[in-house]
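Here is the structure we will look at.
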Amino acid sequence: RISATVNEQNPDILAIQEAEWESERYEQDQSKDIATNCNLDHFKIEAAHEQYNWGGYFGNSILTKYPILESKILKYPIWCNRRARNAIGVKLDIGNNAYIWCVNTHFQNDLSYHENQYQAYHLVEFVKKEIVQNECDFMDDGNHDYDNNKG
């Protein structure tokens, strides 16, 4: 079902949060299967943590038609013994001697938004330190509440 929707939209770059592999619900690598089914020849995935309920792994991935020149991972510091989260950045060769960075992350679902702010701070520092001199697109599930200006 995901592959059909992706093929219908035909994106050049696709970011997936909560990707699974080697779990009871998804035995294979979900991102690799979507990449293969959607002609997105290049992909990078990084585990945020092992899953508690279904086994296997859980993380973020970036799938793309463009060659990946470089990748960087930010592992957020653990907040109050919660599950680990991360961000993945990839440098893409978009042709004509040009490249862009894309960063995909999934902030923790935190109703107080304190953990989200903590993770956002670390994400900004990561981008400043690792990617600041380059164009950068963000793709995220920040678990924000934009309607109430809390996220």
Side-chain angles (χ1 to χ4, degrees), residues 1-6 8-9 11-35 38 40 42-66 68-94 99-151:
R1 191 171 77 193
I2 294 171
S3 293
T5 301
V6 171
E8 195 174 283
Q9 299 301 313
D12 292 332
I13 304 166
L14 176 66
I16 299 175
Q17 296 89 25
E18 301 184 20
E20 289 186 48
W21 60 101
E22 298 177 11
S23 71
E24 289 178 23
R25 296 188 321 170
Y26 207 95
E27 291 180 9
Q28 292 81 30
D29 182 330
Q30 184 180 28
S31 295
K32 184 177 181 180
D33 288 349
I34 293 169
C38 299
L40 297 166
H42 310 278
F43 72 96
K44 177 70 178 170
I45 187 162
E46 181 68 20
H49 57 78
E50 292 183 18
Q51 295 196 97
Y52 301 126
N53 300 336
W54 302 286
Y57 299 93
F58 174 90
N60 300 316
S61 62
I62 297 176
L63 293 61
T64 178
K65 294 178 180 178
Y66 301 115
I68 296 173
L69 302 174
E70 186 178 347
S71 66
K72 296 182 183 274
I73 306 297
L74 165 64
K75 294 188 181 280
Y76 295 112
I78 300 294
W79 174 272
C80 298
N81 297 318
R82 304 254 305 204
R83 291 182 179 183
R85 295 287 174 154
N86 66 17
I88 180 172
V90 294
K91 181 179 179 181
L92 303 177
D93 178 354
I94 59 173
Y99 63 88
I100 61 169
W101 276 92
C102 295
V103 177
N104 182 18
T105 192
H106 183 181
F107 290 165
Q108 184 65 264
N109 185 7
D110 173 26
L111 297 178
S112 74
Y113 297 101
H114 293 119
E115 185 175 9
N116 300 70
Q117 292 171 351
Y118 178 75
Q119 290 172 335
Y121 168 81
H122 286 281
L123 180 62
V124 168
E125 292 302 308
F126 169 73
V127 170
K128 281 185 196 175
K129 180 180 175 191
E130 302 291 338
I131 304 172
V132 70
Q133 68 278 14
N134 303 297
E135 297 273 337
C136 183
D137 291 321
F138 288 97
M139 300 165 279
D140 77 302
D141 177 354
N143 285 310
H144 302 294
D145 184 352
Y146 292 108
D147 292 335
N148 292 316
N149 295 318
K150 291 185 179 179

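This is a predicted model, so every value here is computed, not measured.
Under a cut-off of 6.0 angstrom, the local environment of NZ in K65 is crowded, with over 12 non-hydrogen atoms contributed by other residues, nucleotides or ligands. Atom CG of L69 sits in a crowded spot, with more than 12 heavy atoms from other residues, nucleotides or ligands closer than 6.0 Å.
Residues F107 and L123 are in side-chain contact: their nearest non-hydrogen atoms beyond the backbone lie under 4.5 Å apart. A heavy-atom distance below 4.5 Å is not found between the side chains of L74 and N86.
Taking K72 as the reference, E70, W101, F126, E130 meet the side chain to side chain contact (heavy atoms under 4.5 Å, CB included) condition, with sequence neighbours excluded.
Considering every non-hydrogen atom in both L63 and A35, the closest pair reads CD2-N, 3.4 Å. The nearest pair of heavy atoms linking Y76 to H122 is CD2-CB, 3.9 Å. In plain terms, the two heavy atoms of L40 and D12 that are nearest each other are CD2-O, 4.1 Å. Heavy atoms only, all atoms of each residue included: S3 and C38 are closest at O-SG, 3.5 Å.
Remark: side-chain polar atoms of N60 are not paired, donor with acceptor, to backbone N or O of T105 under 3.5 angstrom. Judged by distance alone, the side chain of N104 and the main-chain N or O of I16 form a donor-acceptor pair under 3.5 Å.
Of the candidates I94, V90, T64, T64 is the only one forming a side chain to side chain contact (heavy atoms under 4.5 Å, CB included) with I13. For the side chain to side chain donor-acceptor pair (under 3.5 Å) with H106, the qualifying choice from Q17, R85, Q119 is R85, the only one to do so.
Here S61 contributes atom OG and I34 contributes atom CD1; the two are 7.0 Å apart, rounded to the nearest 0.5 Å. The structure places CG of L92 at 11.5 Å from OH of Y99, a figure rounded to the nearest 0.5 Å.
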